[in-house]
Amino acid sequence: MPEATYDAVIIGAGHNGLTLAAYLARSGLSVGIFERRHEDGGGVNTEEATVPGFHHNLHAQYMEFIDYMPVYHDFELEKWGSRMIKPDTQLGITFADGRPPLIIYRPDPELDKKTHKSISEHSKHDADTWLELKTKMMEREFQIAATLYSPAEAEDDAEASAAMMSAGLSLWQDLGLTANDIGKAPKVLIDRFFESTEMRALLYRQCIEWGANVHAGNGYGFLVSVLWLSAIHYMSAGGTHTLAHAMANAALKAGACMRFSSPVVKILFEGGRASGIQLKDGTKVNATKLVASNVDPRQTFVDFIGEENLEPFRKERLAGWHFGPEHVLGTPSFALHEAPNYKSAKWNEDINRCFYTVVGFETAEQVSNYILQAYGGQIPDRPGAGTWVNSLWDPTQAPAGKHVMNGWFFFPKASCLSEAEWDEVRATYNDKFLKLWEEYAPNMTRKNVIADRLYTAFDIEKKMSMPEGDFSQGRAGGIGVGVAREYQYRTEFPGLYLCGPSAGGGGVSSAPGYGSFKVICKDLDLPKIWQQGGRNY
Amino acid sequence: MSDATFDAVIIGAGHNGLSLGTYLSKCGWDVAIFEKRTEEGGGLCTEELTRPGFLHNVHCNYHTLVGVCPVYDDLDLYDHGLKYVQPEVQMGSVFRDGTALTVHTDIDKTCASFARFSEKDAETFRRLHDEVKGYLDLILSTLMYSPPIPLLDITKALVVWKITDKAEFLSVHLRNMTINEFLDEHFESDKIKAMLAFQAAISGYATDLRGLAVSFPLLVGKMDNWHVCVGGSHQLAHSLWEAFAHAGGSVFLNTPVAGIVTDNGKATGVRLYDGSEVKARHAVISTIDVEQTFLKMLPREKLDPELVKHVEDVSHIDWSYYSVHLAMSEAPQYEAASFDPDIQNAWVLNAGYESLDDLSQDWKTVRAGKLADPKPNCAVNSLFDPTDSPDGSFTGLMRQFAPIEIGSGGMEAWDEMAGPYGERLIDAWTSYAPNVRGATIEWQSYTPLDISRRMVNMVRGDWMGGVIALDNLLTERPTPELSQYKTPFEGLYMAGATQHPHGFITFAPGYNALQVIAEDHGLERWWQ
């Protein structure tokens, strides 16, 4: 590739890099995105991984931020092939021993009645409590979203942070929680509010889904993972990757360039300022205004800049940086003749059309032990899974009359097992799961499976360069309060920004891309093109 | 999408649709492409089928018209991230007796390799090569990159232009000959003949079909022009997408077209999957198969019954490919390297064809719905493009001529046979390069059934858009009334692999349709 020059060079074509690229290009900057892989989207990834015609999401399974995500609306991504389906039947757990399923429906006055009825089969108290908490939470959804989509201001901007803090605290108190509870683990809070083992099992699972540690996390995990992000999931029609392509389309149409199979090895500096990048093949690319990194901090600072060039505080932060959470994903993919037909459907048929169905756990303790095993570096003995049969809602994801299932196991971090051990897991764990699955849905036999595939934490690390298979680029260990805020999107190097999950959170929120754009706008004095449509962030 | 209007609406975001769309956008037209799949590029499709980081080209692997096809430079694709590598040792054949043949970008080296088998054939090949290269531009411009003229006119032109007077190989008789017969007439070594036939066959030309010798000079002309697309074939799709977007075009992925809207014999737009209509001011262009275009997207009552019959009778290629994609820890080490060390670095390598009889026998076997004894073509792109596999490892590909249906089991039988047949292919490769089996970390098969599952427009695994046979070439392809990229509906054009010349990464169907559209609409030909 010839040497090239752009105003902005972005490392990584994941959804955050694409978001930042689209906004910067729309602001009039020339933008080049450099991606190690052959494809855009990062974890927003769908492949015909079992048999052609069966579309499997190998990382992100669902979209919970679409209503809030600025890029989705500002760039009219629905025009570019992205389509979202929000199933009524959102979240459920099924049982093998004859108990009715527990299903939480999409928040909606009519559907709330169904939710209440379903939870009441196990505990009326839990049903009342859930609807009360969830309703209060959803009344403030955009207020919470604002905290996600607003970059933390410099600490000296006390007014802005105080306003946000006080809004959060008032919600917290409305939910019946005290300031003291903020430090409590989600499990403690779930157990306090809910009494039935069925509801606890489902909510433990929901909690860890978004990366919150159910045993050792804090109240924030309870608020965000359990109360906010549950039961508001969208399914991306055609697979999650269509969202990435719609973003790529937006970026390309705005004039951005995308270069694939172009691994970055170095961030270049001139007079202390980030001035470009060097690719693995030796090509140098100049950046006249900025370099933004969408990849994890270890690669950005250690691999691309070099430890010897880092300030002591950065080394300290990297040393304290944890990859994990302590559990990461493994994704089973099954191509099926028939969709699962659950025993518990005799009580409520909706379980057969539930978007996200938890399979393999009879009690809250089983979920808890499962996740503790993953935290402890072991492959869980009981191979329960979160399952999505997307073809129930979007027939284009499987050949006519057939079905496609994607799932999430929770596995230990990639480094906990050797390569050979992961090979063993890859070869055997789906089978173990299938045997268990059959106990819940008798038609889930080997005969019903056309093909299957398991994608482990080890594979995620290799495929996505996500260290340890971590989907949110890790987090600062032990530092919660008092983080040097000015180093969220900005770095100590002028002209170098972070635009990935390490700065603005994981999940397909595109918040890091959007947040970094706002910060860059401020620094480069670009027009505030996000201030439109009455959005409060 | 309701009520949107574009100058041109293109069905299908394969390489023909994307390139034609970009040309038209650069003419100032507002162009939209609607694609059923969630990915652009059609057969330009690269997947991590085995392990992460191993990039497998599950359809197109060989790009043979780089530097020859005008599209690359016209659309500045190299400025949009496209990179190619042209392996120095283009092709190779390994034989049971431990010998090997190699084809190089350097004709002298190719002849030196041939001369070890037959001095006479080496000289003949050099004369054939020189003669073809002398006429290559003419052959390409008349045979590929312009709307087709009848075969008779081409043969007449050869006489009128006095080419046949001077030529040793180009002759009016080629239209009566099979490629095998052409080779028998000019060459003596079985192995050289087998290698030359093999390279024609993997380009889609059955070597035992009468008349296909007409295309042989063209195939020889590009025999040293096979390119690896760096980062996988899908990168060409990425660069086309960017070129199209920057020219102002819009690609709508995951947006199937349900029907073509006509009014008074004129195509006026398309109807999408959700019932909404998109209007086209000047042109609706289909780059997909004729069956879907005419039998599914247009109302039957508006079609001439004769055309319907012709479309129903379109012949598809009666053989396809079975592939094995491998993640490998080592590159193959060929026993024949002691005979010719260059074989180690050959890209497109045949393991098994020793004579034209071998090939003829396989055509019969495959057409009878049986699996042939594996004689795969084997390629390790990582030798030339290290970005297609993790450092220190290799991405391998084996392709084998295969039946569309197996015995009485039909296409469905492929799901049963894919595993065992793959083992036989790996054994075959291992018998020439003993480390292959041990170096295989994981492999995945890809069958004719898989081709048709992934690409609906590749009817029954037909990756060529229709059989390559004399009665389906030039003005006969896909039917006489559709051969000029136009249709009985004003404003409806055909620009996909079904059209002359055929599938493969030629860009010619799109490019030739462009000439017709430019003529119809008085567009300024900025590309000339």
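Here is how names work: the chains are called A, B, and so on, in the same order as the sequence lines, proteins then strands, and each is numbered from 1.
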Are any side-chain N or O atoms of [X] and backbone N or O atoms of [Y], one a donor and one an acceptor, separated by less than 3.5 Å?
X	Y	result
A:K253	B:G248	yes
B:R453	A:P399	no
B:E242	A:M258	yes

Determine the option with the most heavy-atom pairs under 4.5 angstrom with chain A, choosing from [options].
options	answer
B:E35, B:E442, B:E39	B:E39
B:D450, B:I451, B:L449, B:T387	B:D450
B:K36, B:E47, B:H246, B:Q444	B:H246

Tell me, for [X] versus chain A, whether the close heavy atoms (under 4.5 Å) come from the side chain, the backbone, both or neither.
X	answer
B:Y273	side chain
B:Y446	side chain
B:L253	both

Proximity breakdown for [X] and chain B, heavy-atom pairs closer than 4.5 Å:
X	answer
A:A256	backbone
A:Y455	side chain
A:E39	both

Where is the tightest heavy-atom contact between [X] and [Y], given as atom of each residue plus distance?
X	Y	answer
B:V251	A:N249	O-ND2, 2.6 Å
A:G238	B:T38	O-CG2, 3.4 Å
A:R83	B:N254	NH1-O, 2.9 Å

Give the ring-plane orientation class for B:H234 versus A:H38, where under 30° counts as parallel, over 60° as perpendicular and anything between as tilted.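 If you compare the ring of B:H234 with that of A:H38, the planes turn out perpendicular.
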
Please work out which of the three classes, parallel, tilted or perpendicular, describes the rings of A:H245 and B:W241, given edges at 30° and 60°.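 Taking A:H245 first and then B:W241, their aromatic rings stand perpendicular (interplane angle over 60°).
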
Give a yes or no on this: more than 12 heavy atoms of other residues, nucleotides or ligands lie within 6.0 Å of atom NZ of A:K86. yes

Is atom CD of B:E416 surrounded by more than 12 heavy atoms (other residues, nucleotides or ligands) closer than 6.0 Å? no

State the CZ-CG distance between A:R453 and B:L49, to the nearest 0.5 angstrom.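 Answer for the CZ-CG pair, A:R453 versus B:L49, is 7.5 Å.
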
SB check [X] [Y] (cutoff 4.0 Å):
X	Y	result
B:R37	A:E48	yes
B:R51	A:E419	no
B:E48	A:R37	yes

Would you say A:W80 and B:S250 make side-chain contact, with heavy atoms under 4.5 Å? yes

Do A:S261 and B:Q235 come close enough that some side-chain heavy atom pair is under 4.5 Å? yes

